[in-house]
Amino acid sequence: MNNKYFDANTPKVAAVVGFYMSAALVMVFVNKAVLNSSPDLPLLFLLLQLLIAVLLLHVAAVFITRVEIPKLELETAKKLTPVVLVNIIGLVFNTLCLRDVEASFFQIARGLVLPLTIIVFSAHTRTVPSVRVGIAAGTVAIGFLLGVAPSATVPAHVAPSGLSLFYGFLSSLFIAFHAVLIKSSLPYCHNSTIQLAYWTNLGSAIFLFPFVLLHREISTLEDLVHDSNWGGQVFLWGSIVTGIFGFLLCIAGLLSIKVTSPITHMFSSALRSVIQTLLGVWLFKDIMTVNRAGSILVIMIGTIYYTWVKSLEAAPPPSKDVDLETIGNRKRGEDSNDGDGEVTVIFGGPEDDEKV
């Protein structure tokens with residue numbers, strides 16, 4: 001095989017993207033299956049996921065040297081409280097939203113993640129996004145409105161309620177806050193995403209536990225155990241599976257961003273949206289209308305366009321190849337302001353220009 005046309009990293013990239021997509025899809029559909037069977041235990045279900053993730057991080061630390069369990073210090077806990085609180089609040093609304101809407105509609109209900117993230121980031125940094133970024137955010141917002149618009153083809157019993165859409169909005173908003181807080185929180189964890197993940201999962205479990213008690217979900221679980229019609233095995237195995245895949249999804253997301261380019265990562269997310277829609281219709285008999293299909297398509301187009309715009313904005317300016325002999329023959333009295341700005345001299349051969 002000619003190495004010129006084969007990138008040795010291609011199998012690695014494909015494996016990471018496949019891993020990321022599989023873990024994300026398993027999380028959505030197993031979560032939905034458990035919430036369908038046990039709609040009165042959303043907080044307890046989430047708590048079990050968090051505790052399993054913490055346990056698996058301890059297990060991973062035994063076998064993987066790069067997985068470091070942070071030293072629990074009160075001062076660090078205080079500094080990380082904002083990101084932990086934002087994380088658990090977002091997770092709660094995310095779970096409630098998924099419980100109350102169809103699996104294929106879930107991505108529409110949370111369709112404002114990108115516009116809200118842009119708004120929160122702009123407010124945090126006191127900067128104005130570019131026109132192209134604004135167009136991308138507007139496109140995604142239009143896709144969201146298209147999906148939530150009332151449709152006569154959707155039966156009343158499956159139409160999303162105003163409360164479920166409110167859950168989706170709050171979930172998107174707190175995801176936006178979380179995205180901004182992560183960057184400022186990493187220095188408190190020695191810039192280790194694994195340590196931050198440990199703090200976030202453990203702290204979220206601690207904050208969530210009192211609300212599980214207040215919501216009387218332990219008592220509800222005791223009543224359900226004695227109910228012969230309750231799918232207890234679905235809840236038990238679903239909690240274990242989602243806890244494991246939640247842990248894997250954390251790693252998969254980090255690997256996907258680290259090994260692949262942002263555009264590859266975003267295209268894999270777009271493909272996952274399509275697969276999630278098809279599986280939702282197939283497994284849960286979700287209703288797919290023209291509005292909903294159009295909404296998902298518009299949200300995907302806006303998101304992909306945003307990624308393309310950001311890749312252009314982040315790209316370094318193109319270097320100019322300059323003839324050294326021409327530079328040497330320039331007049332000494334030439335005014336430097338007459339040029340087009342700084343000029344970078346490229347010493348590499350023509351083959352360097354073909355490398356990506």
Side-chain angles (χ1 to χ4, degrees), residues 20 23-24 27 31 42-62 64-97 110 113 116-127 167 169-215 239 242-258:
Y20 168 78
M27 279 295 291
N31 267 317
L43 300 185
L44 179 60
F45 177 47
L46 181 57
L47 177 64
L48 291 175
Q49 291 182 11
L50 294 169
L51 293 176
I52 290 173
V54 171
L55 176 62
L56 289 176
L57 282 170
H58 277 281
V59 174
V62 176
I64 305 173
T65 56
R66 294 184 61 183
V67 177
E68 297 181 3
I69 303 300
K71 183 179 180 181
L72 300 182
E73 297 176 339
L74 181 60
E75 192 62 29
T76 304
K78 290 179 180 178
K79 293 176 180 178
L80 292 176
T81 297
V83 72
V84 172
L85 281 175
V86 165
N87 177 73
I88 188 55
I89 294 173
L91 284 176
V92 168
F93 286 124
N94 186 73
T95 302
L96 294 176
C97 177
R110 296 196 317 140
V113 169
L116 289 175
T117 301
I118 293 172
I119 292 172
V120 170
F121 181 80
S122 298
H124 177 70
T125 58
R126 297 182 181 180
T127 58
Y167 288 153
F169 170 79
L170 290 178
S171 172
S172 302
L173 180 61
F174 279 94
I175 287 174
F177 286 141
H178 189 255
V180 172
L181 286 173
I182 280 179
K183 186 175 181 180
S184 59
S185 301
L186 273 173
Y188 304 134
C189 302
H190 309 288
N191 291 316
S192 169
T193 53
I194 295 296
Q195 289 192 23
L196 180 59
Y198 182 87
W199 273 108
T200 301
N201 282 282
L202 180 61
S204 297
I206 293 173
F207 280 120
L208 183 61
F209 182 69
F211 292 94
V212 173
L213 298 179
L214 290 174
H215 200 239
S239 300
T242 52
I244 293 173
F245 274 88
F247 164 75
L248 294 177
L249 185 59
C250 174
I251 298 176
L254 295 174
L255 286 175
S256 185
I257 296 173
K258 181 179 179 180

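One distance of note links OG1 of Thr127 with CZ of Phe121; it measures 5.5 Å at 0.5 Å rounding. In this structure, Thr117 OG1 and Phe177 CZ are separated by 10.0 Å, a value rounded to the nearest 0.5 Å. Here the straight-line distance linking atom CG of Leu74 with atom NZ of Lys79 works out to 11.0 Å at 0.5 Å rounding.
For the pair Phe174 and Val86, the tightest heavy-atom approach, listed with the atom from each and the gap, is O-CG1, 3.3 Å. Taking each heavy atom of Thr242 and Gln49 in turn, the nearest pair found is OG1-NE2, 3.2 Å. What you find for Lys71 and Trp199 is that their closest heavy atoms are O-CZ2, 3.6 Å. The shortest non-hydrogen separation linking Ile52 to Ser239 is CD1-O, 3.4 Å. In terms of heavy atoms, Arg110 sits closest to Ser171 at CD-OG, 3.5 Å. The heavy-atom pair separating Cys189 from Leu80 by the smallest distance is SG-CD1, 3.7 Å.
Put simply, the side chain of Ile194 does not reach to within 4.5 Å of the side chain of Glu68, judged on heavy atoms. Looking only at side-chain heavy atoms (C-beta outward), Ile88 and Leu50 come within less than 4.5 Å of each other. Proximity of Leu55 to Phe247: side-chain heavy atoms (C-beta onward) are nowhere separated by under 4.5 Å.
A donor-acceptor pair is defined here as one N or O able to donate and one able to accept, closer than 3.5 Å; such a pair exists between the side chain of Asn31 and the backbone of Met27.
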Which is it for Ser172 and Ile175 under the side-chain contact (heavy atoms from CB on, under 4.5 Å) test, yes or no, and what are the steps along the way?
-> CA-CA 5 Å; Ser172 302; Ile175 287 174; 5.6 Å; no
side-chain contact (heavy atoms from CB on, under 4.5 Å) between Leu72 and Leu202: does it pass, once the steps are laid out?
-> CA-CA 10 Å; Leu72 300 182; Leu202 180 61; 4.1 Å; yes
Check the pair Val67 / Tyr198 against side-chain contact (heavy atoms from CB on, under 4.5 Å), numbers first and verdict last.
-> CA-CA 10 Å; Val67 177; Tyr198 182 87; over 6 Å; no
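The side chain to side chain contact (heavy atoms under 4.5 Å, CB included) test with Leu91 is passed by exactly one of Leu208, Leu46, Asn201: Leu46.
The number of heavy atoms from other shown groups lying within 6.0 Å of CZ (Phe209) does not exceed 12.
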